[in-house]
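What you are looking at is a predicted structure, and each value in this text was computed from that prediction instead of being measured.
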Amino acid sequence: MEILGSVVGQVFAYISAPIAERWKYHRGLKENLVALKKRLEELNCRKGDIEARRNTKLMPKATMLKNEVELWSARVEAINVEIKALEEKVEKVRSYLVS
């Protein structure tokens, strides 16, 4: 009987640690998403400002920076797509949990 209790205790400890870790992230999900959206808005504003400067040729040495700006802009777009996919995934999970 003591062996069974020991085994059950070990199984519970083995299972509860990952569940507790995931619960911690789930519990802070809303705050994390709000912070992520805020940072994304800031990034997109910066992107718009830089592209406007590039298009009006206010940026010195524009030809030299053009490739770097284009690469950075492409990365910003990739981040936008990734965050959109993440938001859709979160909504899908929320709708699953609510129903």
Side-chain angles (χ1 to χ4, degrees):
M1 193 64 146
E2 290 178 28
I3 295 174
L4 180 62
S6 174
V7 169
V8 169
Q10 289 178 349
V11 168
F12 179 75
Y14 182 75
I15 292 173
S16 66
I19 291 172
E21 187 69 22
R22 289 181 186 263
W23 180 253
K24 178 180 77 172
Y25 291 123
H26 176 72
R27 198 174 51 198
L29 181 63
K30 187 174 183 178
E31 294 83 17
N32 290 338
L33 281 175
V34 168
L36 182 62
K37 286 180 182 181
K38 181 181 174 186
R39 296 290 304 261
L40 182 63
E41 286 175 357
E42 293 169 358
L43 182 62
N44 284 322
C45 286
R46 181 174 289 168
K47 177 182 177 235
D49 292 346
I50 289 173
E51 287 181 346
R53 287 177 62 195
R54 184 189 68 191
N55 292 338
T56 59
K57 304 205 190 284
L58 293 175
M59 193 177 289
K61 301 178 186 176
T63 56
M64 198 164 67
L65 291 175
K66 185 176 180 182
N67 290 335
E68 184 178 347
V69 170
E70 298 223 357
L71 175 63
W72 182 80
S73 181
R75 288 180 177 163
V76 170
E77 286 303 316
I79 290 170
N80 280 317
V81 168
E82 189 174 339
I83 290 176
K84 180 70 174 167
L86 179 64
E87 288 174 340
E88 289 172 358
K89 197 175 197 180
V90 167
E91 282 303 314
K92 184 185 272 187
V93 169
R94 280 185 182 164
S95 67
Y96 176 75
L97 291 175
V98 171
S99 59

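To the nearest 0.5 angstrom, E88 atom CD is 12.5 Å from I83 atom CD1. The structure places CG of L86 at 12.5 Å from CD1 of I79, a figure rounded to the nearest 0.5 Å. The CD atom of E41 sits 10.5 Å away from the CG atom of L36 when rounded to the nearest 0.5 Å. Taken to the nearest 0.5 Å, the CG atom of L33 stands 8.5 Å off from the CD atom of E91. K47 contributes atom NZ, which lies 8.5 Å from atom CG of L43 (distance to the nearest 0.5 angstrom).
Atom CD of E42 has more than 12 neighbouring heavy atoms from other residues, nucleotides or ligands inside a 6.0 Å radius.
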What do the steps show when you test W72 against E51 for side-chain contact (heavy atoms from CB on, under 4.5 Å), and what is the final call? CA-CA 11 Å; W72 182 80; E51 287 181 346; over 6 Å; no
